[in-house]
Amino acid sequence: MTDYLWDKSGDPDPDIQRLERALGVFAQPSPPPPFDSGLGAGPSRLATLSAPARWVGLALLAASVVPTVGALTLAVR
Amino acid sequence: MSPVDPAPTEIPRLVRDAQRGDREAFAQLYQRFARMVHGIVLARIDRTDVDDVVQDVFVTALDRLGDLREPAAFGGWLAAIARHRATDHCRKTVVTDVLTDSAASTRDADRLEAFAILSAVRSLPEAYRETLMLRLVEGMTGAEIADRTGLTAASVRVNLHRGLKLLREKLT
């Protein structure tokens, strides 16, 4: 094996250099993007739900709000 | 080795500090191992999803860091998490880089060549694919690959040698 493949030392191998140039566009940027541990800003729990689950959640929320509002309205009268 | 990388002997200390809740220590581990995780994940999934999965790997590592008993084994442990998460992601999605990327519809010969080579690397057996990604995409040396993944230098040499031979055969 050429040293160039192992540690880029020695005479450069033109074929390996071609592969490096072509594939280098997919490399991790340096420095890497900031680490997001999920403890800070991020998508809300609701946003991470699937669409059907989101609708069920909203329906349950509405079902709990309507009776409460109705009861409060009656109480005020 | 990039300037942000601490010396290899610092890894166990950083891991122990991170296990005690030192977020800065974990941030340094992230800086050092992000390239390795990126290469391992890119070897398996669509590149448009890679950044999200890389973050997910480190979130998982942070959650489970207390389970790691041997701090010096952090690299291999993290690599295993990366492989697992990428494989799990792969089950839910289809790799479509070459078929759907906008570059594929352009006349940009360099970009098309890059996608063709990426596709050829991904078609290699797992060990070769991963090691070649770390060497040819992420620009790591053989010694760095061994140091970070926990593989022996001899294994990395074999993977590079056989992987490159197979890749050349696929590209001719």
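Per chain, numbering begins at 1; letters A, B, ... match sequence-line order. No hydrogens, no waters, no symmetry mates; every other heavy atom, side chains included, goes into these values.
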Any heavy-atom pair between the side chains of [Y] and [X] that's under 4.5 Å?
X: B/P12; Y: B/E70; value: no
X: B/I117; Y: A/L19; value: yes
X: A/R21; Y: B/D110; value: no
X: B/R157; Y: B/T152; value: no
X: B/V41; Y: B/M133; value: no

Check: In terms of heavy-atom pairs under 4.5 Å, which option from B/L132, B/T141, B/L136, B/D51 contacts chain A the most?
Finding: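 Most heavy-atom pairs under 4.5 Å with chain A: B/L136.
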Notebook entry, point to check: When only pairs under 4.5 Å are counted, which of B/M140, B/E113, B/K165, B/E138 shares the most heavy-atom pairs with chain A?
Noted result: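 Ranked by heavy-atom pairs under 4.5 Å with chain A, first place is B/E138.
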Chain A contact via [X] - which portion, at a heavy-atom distance below 4.5 Å:
X: B/I145; result: neither
X: B/A27; result: neither
X: B/V50; result: neither

